[in-house]
A.B. asks: 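One structure coming up, written as structure tokens, with questions to follow.
When reading the values below, keep in mind they use all heavy atoms of this one structure, side chains included, and skip hydrogens, waters and symmetry mates. To find a chain, count down the sequence lines: A is the first, B the second, and so on, and within it residues start at 1.
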2 protein chains.
Amino acid sequence: MARTAGSHSEITGPRVRTAALALFAQHGYAAVSMRQIAREVGVQAGALYNYTPDKQSLLFDLMRAHLEDLLAAHAPRDGSDPMAGLEHFTRFHIQFHAERPDEVFIAYMELRNLSPENFAEIEALRRRYEDRLETILRAGVEAGVFAVPDPKIATMAVIAMLTGVNTWFREGGRLSLAEVEQIYWDMVRKSVAI
Amino acid sequence: MARTAGSHSEITGPRVRTAALALFAQHGYAAVSMRQIAREVGVQAGALYNYTPDKQSLLFDLMRAHLEDLLAAHAPRDGSDPMAGLEHFTRFHIQFHAERPDEVFIAYMELRNLSPENFAEIEALRRRYEDRLETILRAGVEAGVFAVPDPKIATMAVIAMLTGVNTWFREGGRLSLAEVEQIYWDMVRKSVAI
DNA sequence: GTTTTATTAGAACATATGTTCAGTTAATCT
DNA sequence: AGATTAACTGAACATATGTTCTAATAAAAC
């Protein structure tokens, strides 16, 4: 057998990425074989190489797409109101990450499986996102509405706290995402308050 | 050749665990082979099986030892002063985790490589630690010194924030650990304050 | 000094790995 | 309808994997 009925790169391509995403998130990049991904797609392992030059690129492309989505979705706003900016960042971060648990998981857990060049590119994208928050915090300090001795540290602290939601939040659990959002916003607000 | 000069289980045993810890932290459990660990120890792969029944147990034992150390090191104190208890927890957590970056990394990243039974045991230990913080927060709410609408969520938020220190803190960097400790304690205190 | 035990080497096993490639079939174009 | 291109199969390659086992050597016990 060879080309199968109904086969199309616009269908198989996304399915390869979807399968890789789910499998990498569940078992980890190193623990997933190309044959497992192929089986999930319903194709032989060799066929995957029509859609990625190698396994490493498959991981890298998923990460880069995720971080570029993140940066595009969080349009940085007019910086005249740091408190409003911080609230928007907080709620946006929680919502965006809650919608993409697999992507978030991979982007945090599989950094060490990237080649040095790929790692540098991913880190640069992540850094751009963190800078958005740092800018908000600095503006708030200058405006006298935040008491933050070290905006860099506060940035890392807030992001770690917010991203932590993904480790336990499940749709349909005790709390709705809106409730979670409110609780975290209260804590974030107070943690940087005067 | 066979038994080598100076070979001793009290020496080789710890070296196996040390090598496994470092390699798992650097490359990930699934990406590290028994032969790599053996090479690091200076022994053939087969010899490792005098010190572990299999690769999985090697990972599990490292995780369990870490979490048992954690629970033993954090002696829960008299709960009459929630504010003091929270400050102690915060400073303890940062210090203890800063001293063991590899153990912490593994305990968070390699959970999915545990068998279901092993996973349950590790999760139970982690839960016991989280309960210590939750108890402090609940006591503070009852005493009227903390404003925390949901102690469970606040527990997760604080722990995520504190553990996040390990992702960026490096000895000899811009800030000393004591300074970092102070900054985080200020943020934690404010985030649960009235 | 001899026997027993502890510790290791080294080979072997069956299976899995990422990747390549020639051949084959389906879809598309002329 | 015929020619061309896109998509895939199935086999193959060299190498790596976790684990087991026998034989050999060092340390400990007697």
A.B. asks: May I ask you to check whether B:Tyr129 and B:His93 place their ring centres under 6.0 Å from each other?
C.D. replies: yes
A.B. asks: Could you tabulate the donor-acceptor pairs under 3.5 Å formed by side-chain atoms of residues 82-92 of chain B, not counting sequence neighbours?
C.D. replies:
unit_1	atom_1	unit_2	atom_2	d
B:Glu87	OE2	B:Arg91	NE	3.0
B:Glu87	OE2	B:Arg91	NH2	3.2
B:Thr90	OG1	B:Leu86	O	2.8
B:Arg91	NH1	B:Glu181	OE2	3.0
B:Arg91	NH2	B:Gln182	OE1	2.8

A.B. asks: Do B:Tyr49 and B:Ile37 sit in one hydrophobic cluster, given that two such residues count as connected whenever their side-chain heavy atoms are within less than 4.5 Å of each other, even indirectly?
C.D. replies: yes
A.B. asks: Does this structure show an ion pair linking B:Arg127 with B:Asp131, if we count only N-O contacts that are shorter than 4.0 Å?
C.D. replies: yes
A.B. asks: For the residue pair B:Leu177 and B:Gln95, what are the closest heavy atoms and their distance?
C.D. replies: CD2-CA, 4.2 Å
A.B. asks: Is the terminal nitrogen or CZ of B:Arg138 (NZ for Lys, CZ for Arg) located under 6.0 angstrom from the six-membered ring centre of B:Phe146 and within 45° of that ring's axis?
C.D. replies: no
A.B. asks: Dump the pairs, protein N or O against N or O of nucleotides 28-30 of chain D, anything under 3.5 Å, distances to one decimal.
C.D. replies:
unit_1	atom_1	unit_2	atom_2	d
D:dA28	OP1	B:His8	NE2	3.0

A.B. asks: Quick check: do B:Arg174 and A:Lys152 have side-chain heavy atoms less than 4.5 Å from each other?
C.D. replies: yes
A.B. asks: Which atom names give the shortest non-hydrogen contact between A:Val192 and B:Lys190, and what distance separates them?
C.D. replies: C-NZ, 3.9 Å
A.B. asks: Is there a donor-acceptor contact under 3.5 Å linking the side chains of B:His74 and B:Arg132?
C.D. replies: yes
A.B. asks: Which heavy atom of A:Gly6 sits nearest a heavy atom of A:Ile11, and at what distance?
C.D. replies: O-CD1, 4.4 Å
A.B. asks: Taking DNA chain C as the partner, which of residues 44-52 of chain B come within under 4.0 angstrom of it by heavy atom?
C.D. replies: B:Gln44, B:Ala47, B:Asn50, B:Tyr51
A.B. asks: Need to verify one output field. Residue with the more 5' nearest nucleotide on DNA chain D, B:Gly6 or B:Asp54?
C.D. replies: B:Asp54
A.B. asks: Should the ring pair A:Tyr184 and A:Trp168 be called parallel, tilted or perpendicular, given that the plane angle runs from 0 to 90° and is split at 30 and 60?
C.D. replies: parallel
A.B. asks: Using a strict cut-off of less than 4.0 Å between a Lys/Arg side-chain nitrogen and an Asp/Glu carboxylate oxygen, indicate whether B:Arg112 and A:Glu110 qualify as a salt bridge.
C.D. replies: yes
A.B. asks: For DNA chain C, find the residues of residues 26-42 of chain A with a heavy-atom distance under 4.0 Å and give them by number; none if there aren't any.
C.D. replies: A:Val32, A:Ser33, A:Met34, A:Arg35
A.B. asks: Whole-Å distance between C:dG18 P and A:Leu58 CG?
C.D. replies: 11 Å
A.B. asks: Listed in order of residue number, which residues of residues 9-24 of chain B have a non-hydrogen atom at under 4.0 Å from DNA chain D?
C.D. replies: none
A.B. asks: Applying side chain to side chain contact (heavy atoms under 4.5 Å, CB included), name anything that partners B:Phe60, two or more places apart in sequence or on another chain.
C.D. replies: B:Arg64, B:Leu114, B:Asn118, B:Glu121, B:Ile122
